[in-house]
Asks: 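Here you go, one structure.
This structure is a prediction, so every number in the text was calculated from the model and none was measured. Numbers for residues simply follow the sequence, beginning at 1.
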Amino acid sequence: MSAEPLLTDLDRRAVAVSKALAADAVEKAGSGHPGTPISLAGVAWLLYQREMVHDPLDPGWLGRDRFVLSIGHASLVQYIQLFLAGYDIDLEGFTAFRSPSGLPGHPEFGEVAGVETTTGPLGAGFANAVGLAMAARREHGLLDAGTPLGESVFDHFVYTILGDGCMQEGVSSEAASLAGTQQLGNLIAIYDDNDISIEGNTDIAFTEDVSARFEAYGWQVLDVDWRTGGPDGSGGYAEDLQALHEAIVAARAETERPSLIRLHTIIAWPSPTKQGQESSHGSKLGGEEIAGLKRALSLDPEQTFILPDDVVAHARKRAAENTRAARAVWDERFAAWQQANPEGSALLERLQAHRLPEGLQTALPTWETGQSLATRAASGKVLAALAGVVPELWGGSSDLAGSNNTTMAGQPSFLPTSLAQAEGDGPFGRTIHFGVREHAMGSVLNGIALDGLTRPYGGTFMVFSDYMRPAVRLAALMGVGSIFVWSHDSIGVGEDGPTHQPIEHLAALRAIPGLAVVRPGDANETAAAWAEILARHGEPAGIVLSRQNLTVNASAQAAAEGVRRGAYVLAEATDAGGGQVSPEVVLVATGSEVGVAVAARDILQGQGTPTRVVSAPCLEWFAQQGDAYRSEVLPAGAAKVSIEAGIAMGWREIVGDAGEIVSLDHYGTSAAGTTLFKEYGFTANNVAQHARQALARTHD
């Protein structure tokens, strides 16, 4: 840090310009959220100019601090400071704000330089920040375990700004509780407590003691109140950035607890009539109000998009100087680490290039056809086999590890030292215990994946994917490789009954663009599914696993090739002499129903109907194949039947108008899975009957 005072006259002008620019951008767009970008302009200036380590010319620099704007509707808070610091953003981004040629209404990962994660759904960004902080600790352990926590070149801080809306969303409670348990001392959250929501004062719905809540979670809570007029307590409103700076310094000094800085602000200050009013939260201010705001800021009310050259030059000079100083120190430390850690350096290079390690395929377990194993159990064996080969792979479960087999055998828990339960557990462990927090688990996985060096997974029962759907959607929207493990995938769950039997979930998850839903039909397909998921670094995936044992129908070689293409011919149509012929019927199935299709084929073949079985573990990957391959697998002239223990939605385009869909379009009941499959028609005889109906219709 430089020796100059915290705020110079140019700094104050920069804050004023930031406030006016936010108001003008929303006004020009005709919609948006001006109030918070106005009131938090000084906070963002302080973070980007004085507190955070970052590099505008290298937004992905490994040594940077991370920043997450959880209140994504206030995107201008971040955009303006990114622009002033010298990131690759131009003025048109603001003059065309919220339009295709300008900056998006909410921060979008991959679209705006310097944005670490897509935010907008409140609370999700805060939970991402928890994941980013966890990722930093795991990466330290993976690459520099011999160095104490806080002293490694891989250590950095994660900053986030959240608001009253984030505080009210349940995901923030889940994530904050997990962060406190994990004692994430590298996480610093600034809570913009302005008492305003869209519908009015927050007292109409939100009166809890947030400070007491976070203290109970295990956080350090620091209070900064700008409404008291500054350090002398003289009254009136003063944006006391010195007090905020001191709180941030104290937060960085606390190494065993995450820190919440509760910052009491007045929204839209100092606009003349809309400061402190809900009308400034989600609507443009209007020309007269903006003119009054600019007069209060000592700016020309007749000018718009004011960006004085000296202010911009000052901001970029300061940012460049801070970057040079920080990078000089970091580069020297990093070079020393590389010299002392050649193996770690090689691993880091591979991780940054997103290359899979050699030996992954040969490490995968295989099973002989005819064996019987639940795919959840097979998945657990795959994870155990990959543990020593893919060190970047790590994860856990929402308190269901014993059921969904998500614990890598022999791998220690990711826990603070004080909470270690077994030998080897500690801050650099590999097995994450998310607790019963599915929504936060999904968002934390996204944060870990966004940090870029490791590949996280998290498991729960498939029916509880509903709790984490917002995070799954955001993973798909961003294109990050979070891995969601969903076991107990159908009525095969059995006696737990309809509350635990997913019916509509496969269709609902397949409706998310960019998400691969992978439902392997046996153990070999499960191993192949993990290999393909890991090969697709920038694509989130959900692997859907059975509770009940499934017969292995695919050889390891067939599964390895077929799963990669999403669907493949598992059993070919033959004539009476056993020679391959064109199929008259094609049975398409996923998961546990593949075995039903194989048995139905035996019946149909025995009756003289050449029948092909297609296993379709991932319809999304199948859709990515060329027309020739898809037509080869599903020939146009054959009658088609789909078999899946879920709702029919989505299968008509596979089987065509003449095809049959064997599905489950109602809830199950409490009974053994085998009983339910029989009662609801997932039997070889019923499928064969549907095939005959489809065949008759096709020939009409």
Side-chain angles (χ1 to χ4, degrees), residues 14-15 17-18 21-22 25 36-37 40-94 96-98 101-120 124-126 128-129 131-133 135-136 156-162 187-190 248 307 311-312 314-327 330 352 446-447 449-453 474 477-480:
V15 172
V17 164
S18 300
L21 181 56
T36 300
L40 294 189
V43 177
W45 172 263
L46 182 67
L47 287 173
Y48 276 92
Q49 291 289 320
R50 301 303 296 259
E51 307 295 348
M52 294 196 307
V53 174
H54 63 108
D55 186 349
L57 300 181
D58 185 7
W61 171 41
L62 191 63
R64 73 193 185 283
D65 290 331
R66 276 57 162 175
F67 173 76
V68 176
L69 186 70
S70 190
I71 43 173
H73 58 273
S75 55
L76 289 162
V77 167
Q78 184 174 19
Y79 293 160
I80 292 169
Q81 299 312 318
L82 290 172
F83 170 81
L84 289 175
Y87 285 80
D88 187 18
I89 296 173
D90 57 31
L91 181 58
E92 185 184 4
F94 301 102
F97 179 51
R98 295 171 72 93
S101 62
L103 290 162
H106 291 79
E108 293 187 22
F109 173 71
E111 296 295 323
V112 181
V115 169
E116 302 280 1
T117 178
T118 297
T119 56
F126 173 69
N128 291 163
L132 286 163
H156 54 262
F157 288 98
V158 179
Y159 295 85
T160 181
I161 296 177
L162 68 162
L187 177 60
I188 300 172
I190 299 174
I248 293 172
L307 283 168
V311 168
V312 175
H314 168 68
R316 294 184 177 175
K317 179 174 182 291
R318 167 83 66 70
E321 290 173 349
N322 290 343
T323 296
R324 279 196 298 272
R327 290 210 66 151
W330 188 88
Q352 288 182 308
N446 290 346
L450 284 160
D451 210 52
L453 294 185
L474 283 170
L477 178 64
M478 291 186 284
V480 296

Asks: Any side-chain heavy atom of Q81 within less than 4.5 Å of one from V77?
Replies: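 A side-chain contact is absent here, since even the closest heavy-atom pair is not under 4.5 Å.
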Asks: Taking all non-hydrogen atoms of both residues into account, name the closest pair between V115 and P107 and its distance.
Replies: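 Reported closest heavy-atom pair: CG1-CB, 3.8 Å.
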Asks: Considering only heavy atoms from C-beta outward, does the side chain of P104 approach that of F97 to under 4.5 Å?
Replies: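 With C-beta onward as the side chain, the pair stays apart.
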Asks: Do Y48 and H54 have side chains that get closer than 4.5 Å, going by heavy atoms?
Replies: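 In contact.
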Asks: Should H156 and M52 count as side-chain neighbours, where that means a heavy-atom distance under 4.5 Å?
Replies: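 With C-beta onward as the side chain, the pair stays apart.
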Asks: Decide whether a cation-pi geometry holds between R316 and F83; the criteria are a distance under 6.0 Å from NZ or CZ to the six-membered ring centre and an angle within 45° of the ring axis.
Replies: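 The answer is yes, since R316 meets both limits relative to F83.
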Asks: Say you draw a straight line from CD1 of I161 to CG of L69; how long is it, rounded to the nearest 0.5 Å?
Replies: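 Between I161 CD1 and L69 CG, I get 6.0 Å after rounding to 0.5 Å.
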Asks: Starting at NE2 of H106, measure out to CD of Q78 and round the result to the nearest 0.5 Å.
Replies: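 The distance works out to 12.5 Å.
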Asks: Specify the closest pair of heavy atoms between V68 and G125, including all atoms of both residues, with the distance to one decimal.
Replies: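 Here V68 and G125 meet closest at CG1-O, 3.3 Å.
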Asks: Would you say R50 and W45 make side-chain contact, with heavy atoms under 4.5 Å?
Replies: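 With C-beta onward as the side chain, the pair stays apart.
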Asks: When rounded to the nearest 0.5 angstrom, what is the spacing between OG in S70 and CD1 in I190?
Replies: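 That separation rounds to 12.5 Å.
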Asks: Is I71 close to L40 at the side-chain level, that is, under 4.5 Å between some pair of heavy atoms?
Replies: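 Side-chain contact under 4.5 Å: yes.
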Asks: Taking all non-hydrogen atoms of both residues into account, name the closest pair between A136 and D451 and its distance.
Replies: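 Answer, listing the atom of A136 first, then D451: N-OD2, 4.4 Å.
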Asks: Where is the tightest heavy-atom contact between A129 and T160, given as atom of each residue plus distance?
Replies: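 So the two residues come closest at CB-CB, 3.9 Å.
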Asks: Can you tell if the side chain of D58 reaches within under 4.5 Å of the side chain of T323, non-hydrogen atoms only?
Replies: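 D58 does not reach T323 side chain to side chain.
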Asks: For the CD1 atom of I188 and the CZ atom of R66, what is their distance to the nearest 0.5 Å?
Replies: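 Going from the CD1 atom of I188 to the CZ atom of R66 covers 14.0 Å.
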Asks: For a side chain to side chain contact (heavy atoms under 4.5 Å, CB included) check, start with the C-alpha distance between L307 and L84, then their side-chain angles and the critical distance, and finish with the verdict.
Replies: CA-CA 9 Å; L307 283 168; L84 289 175; 4.3 Å; yes
Asks: For the pair L62 and Q352, evaluate side chain to side chain contact (heavy atoms under 4.5 Å, CB included) and give the outcome as yes or no after the intermediate values.
Replies: CA-CA 10 Å; L62 191 63; Q352 288 182 308; 4.0 Å; yes
Asks: Can you tell me how far the CD1 atom of I248 sits from the CD atom of E51, to the nearest 0.5 Å?
Replies: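 Taking CD1 in I248 and CD in E51, the distance rounds to 4.0 Å.
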Asks: Measure across N128 and T118 and return the closest heavy-atom pair with its distance rounded to 0.1 Å.
Replies: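 In terms of heavy atoms, the two residues are closest at OD1-O, 4.2 Å.
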Asks: Hey, does D55 have a side-chain heavy atom less than 4.5 Å from the side chain of R64?
Replies: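 Counting from C-beta outward, R64 and D55 never come under 4.5 Å.
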Asks: Take T119 and F126 through the test side chain to side chain contact (heavy atoms under 4.5 Å, CB included) and record every step on the way to the result.
Replies: CA-CA 9 Å; T119 56; F126 173 69; over 6 Å; no
Asks: Assess the residue pair M478 and L450 against the criterion (side chain to side chain contact (heavy atoms under 4.5 Å, CB included)); give the C-alpha distance rounded to whole Å, side-chain angles, the decisive distance to 0.1 Å, and a yes or no.
Replies: CA-CA 9 Å; M478 291 186 284; L450 284 160; 4.0 Å; yes
Asks: Between Y159 and L47, which heavy-atom pair has the shortest distance, and what is it?
Replies: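 Of all heavy-atom pairs spanning Y159 and L47, the closest is CD2-CD2, 3.9 Å.
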